[in-house]
Amino acid sequence: MAYDNLLIDRHEGTATVTINRPKVLNALNTETLDELRHAVLDLQQDEGVRVVIVTGAGEKAFVAGADINELAVQTPTGGRDHALTGQHVFDLIENMGKPVIAAINGYALGGGCELAMACTLRFAADSAKLGQPEVALGLIPGYAGTQRLSRLVGKGKAMELILTGASIAADEALRIGLVNRVVPAAGLMAEARKLAAQLAAQAPIAMRYIINAVNKGVEMPFAEACQYEATLFGLVASTDDMKEGTAAFLEKRKAAFKGR
Ligand code: CO8
């Protein structure tokens with residue numbers, strides 16, 4: 001599929017998805033969300049892609065939120081449908097089964113912060129600003145921001161950020177656990193690609209189960225989640241990659257994982 005609002009670049013095992021609406025700071029309109037849904041499903045099926053990086057075009061913004069032009073004219077039922085659609089697309093990203101690295105190259109506000117939170121890992125440029133400013137528009141987060149932010153940084157900090165609508169700098173985002181790493185802006189993509197290459201060499205099925213065990217497990221009672229982990233552990237023991245990984249260790253060589 002040809003995309004009007006996304007750029008997709010595949011290099012070795014890494015696909016980079018760039019939200020490409022720099023004139024409006026990469027704001028997510030309906031069309032872009034739909035393209036993102038297609039792209040995620042496509043990359044999920046592509047066995048050549050082991051890791052995905054999501055970033056924004058230009059130097060100013062990752063994504064400055066949902067497109068406020070659309071929000072300004074939404075109806076109650078349309079708003080609900082719009083929120084559910086966005087939540088669905090972000091769920092697909094979170095549960096894609098491949099690591100998705102958000103390379104946050106500037107403003108990640110509202111829907112942009114929610115997109116970053118749906119990714120598996122977050123690297124931020126030192127110039128990035130993150131927040132959920134919806135309250136200033138008379139709105140609330142609608143792409144699961146109230147839920148993912150409280151799970152990532154705790155209820156108290158999430159309440160403060162969402163109620164005040166304040167944007168925070170990358171260093172503060174790192175301190176509260178909203179991002180994994182802060183790097184100089186000029187080196188952001190290089191750092192994201194470095195980690196992506198490292199992850200692309202890991203066993204894909206093991207990574208899929210890790211993502212699944214963490215995502216599903218945090219929503220379950222502890223004992224049930226441990227049972228779930230044990231089941232996935234048993235399943236991963238049936239893979240060729242498990243045989244290869246353990247044999248490579250014992251033979252003192254580098255493992256070559258095939259995703260089988
Ligand atoms: N939507 C549409 N256009 C935008 C958006 C946006 N979210 N953000 C920026 N733009 C546009 C501006 O209107 C401007 O356009 P123009 O050049 O035509 O005037 C252009 O991008 C450049 O922006 P600025 O001139 O404002 O750039 P500044 O450097 O002065 O400011 C800011 C940068 C601080 C990022 C500022 O643009 C801003 O505050 N943007 C809005 C941020 C925001 O409030 N985001 C949250 C939106 S609400 C949301 O995301 C809800 C998600 C859940 C939806 C659930 C479904 C119902």
Side-chain angles (χ1 to χ4, degrees), residues 3-7 17-38 40 54-94 100 102-119 122 124-153 157-173 178-179 185 188:
Y3 299 109
D4 292 328
N5 305 290
L6 302 180
L7 302 171
V17 178
T18 304
I19 314 290
N20 189 29
R21 300 185 77 214
K23 284 193 184 136
V24 287
L25 307 186
N26 306 317
L28 297 174
N29 60 1
T30 309
E31 197 180 69
T32 309
L33 262 186
D34 195 45
E35 291 187 3
L36 203 48
R37 184 174 62 82
H38 274 271
V40 170
V54 177
T55 193
E59 287 175 5
K60 207 166 159 185
F62 173 71
V63 166
D67 193 316
I68 297 171
N69 296 292
E70 289 185 356
L71 299 179
V73 295
Q74 68 196 340
T75 62
T77 50
R80 182 174 184 275
D81 288 348
H82 181 173
L84 289 173
T85 301
Q87 288 171 8
H88 170 66
V89 176
F90 290 8
D91 276 350
L92 290 176
I93 293 172
E94 184 167 44
V100 184
I104 306 167
N105 55 316
Y107 291 110
L109 301 176
C113 189
E114 290 169 310
L115 171 61
M117 290 191 291
C119 295
R122 283 154 291 285
D126 52 6
S127 54
K129 293 242 176 341
L130 298 91
Q132 297 289 157
E134 287 89 345
V135 71
L137 300 167
L139 287 168
I140 69 169
Y143 297 153
T146 56
Q147 302 312 303
R148 287 204 177 89
L149 189 59
S150 31
R151 281 161 174 75
L152 268 176
V153 307
K157 204 69 208 171
M159 284 288 193
E160 183 186 338
L161 283 171
I162 300 171
L163 285 171
T164 62
S167 299
I168 56 171
D171 281 346
E172 173 69 356
L178 179 52
V179 299
L188 176 67

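Indexing begins at 1, ligand by ligand and atom by atom, following the structure's order. Values in this document were obtained by computation on a predicted structure and should not be read as measured data.
Protein heavy atoms are found less than 4.0 angstrom from atom 21 (O) of ligand 1. Within the 4.0 Å cut-off (strictly below), no protein heavy atom is located near atom 13 (O) of ligand 1. For atom 10 (N) of ligand 1, a protein non-hydrogen atom is found at a distance below 4.0 Å. Less than 4.0 angstrom separates atom 45 (N) of ligand 1 from at least one non-hydrogen atom of the protein. Inside a 4.0 Å radius of atom 25 (O) of ligand 1 there is not any protein heavy atom. Atom 54 (C) of ligand 1 lies below 4.0 Å from at least one non-hydrogen atom of the protein. In this structure, atom 18 (O) of ligand 1 is not in close contact with the protein, since no protein heavy atom lies within 4.0 Å of it. Contact annotation for atom 40 (N) of ligand 1: protein absent (non-hydrogen atoms, distance under 4.0 Å).
Residue pairs that meet the salt bridge (charged side-chain N to carboxylate O under 4.0 Å, His left out) test with at least one member in residues 19-37, sequence neighbours left out, are R21-D67, D34-R37.
Applying the 4.0 Å criterion to heavy atoms of P133 picks out, from ligand 1, the atoms 43 (C), 44 (O), 45 (N), 46 (C). Distances below 4.0 Å separate heavy atoms of L137 from the following atoms of ligand 1: 44 (O), 47 (C), 48 (S). Under a 4.0 Å criterion applied to the non-hydrogen atoms of Q74, ligand 1 contributes the atoms 57 (C). Close approach of ligand 1 to E114 (heavy-atom distance below 4.0 Å) involves ligand atoms 52 (C), 53 (C). The distance from ligand 1 to the heavy atoms of G79 drops below 4.0 Å at these ligand atoms: 57 (C). The ligand atoms of ligand 1 that sit less than 4.0 angstrom from a heavy atom of G110 are 46 (C), 50 (O).
The shortest side-chain heavy-atom distance between I93 and L115 falls under the 4.5 Å cut-off. By the 4.5 Å heavy-atom criterion applied to side chains, L36 and N5 are not counted as neighbours. In this structure, the side chains of V63 and L25 stay at 4.5 Å or more apart for every pair of heavy atoms.
The residue among R80, E70, K60 with a heavy atom at the shortest distance from atom 28 (P) of ligand 1 is K60.
In this structure, the protein non-hydrogen atom closest to atom 23 (O) of ligand 1 is L25 CD1, 3.6 Å.
Here's the thing with A66: one of its N/O atoms is less than 3.5 angstrom from an N/O atom of ligand 1. Some N or O of I68 is nearer than 3.5 Å to an N or O of ligand 1, by distance alone. Of the N or O atoms in G111, one or more lie within a sub-3.5 Å distance of an N or O in ligand 1. Considering backbone and side-chain atoms together, A64 places an N or O closer than 3.5 Å to an N or O of ligand 1.
Separation of atoms CZ (R80) and OG1 (T75) is listed at 12.0 Å; rounding is to 0.5 Å. Expressed to the nearest 0.5 Å, how far OG1 of T77 lies from NE2 of H82 amounts to 13.0 Å. Between the CG atom in L178 and the CD1 atom in I104 there is a gap of 7.0 Å [rounded to 0.5 Å]. Here the CG-OH distance, from L33 to Y143, works out to 4.5 Å after rounding to the nearest 0.5 Å.
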Show me the donor-acceptor pairs, under 3.5 Å and distance only, between side chains in residues 125-133 and residues at least two apart or in other chains.
from, atom 1, to, atom 2, distance (Å)
D126, OD1, A185, N, 3.1
Q132, NE2, E134, OE1, 3.2
Q132, NE2, E134, OE2, 3.1

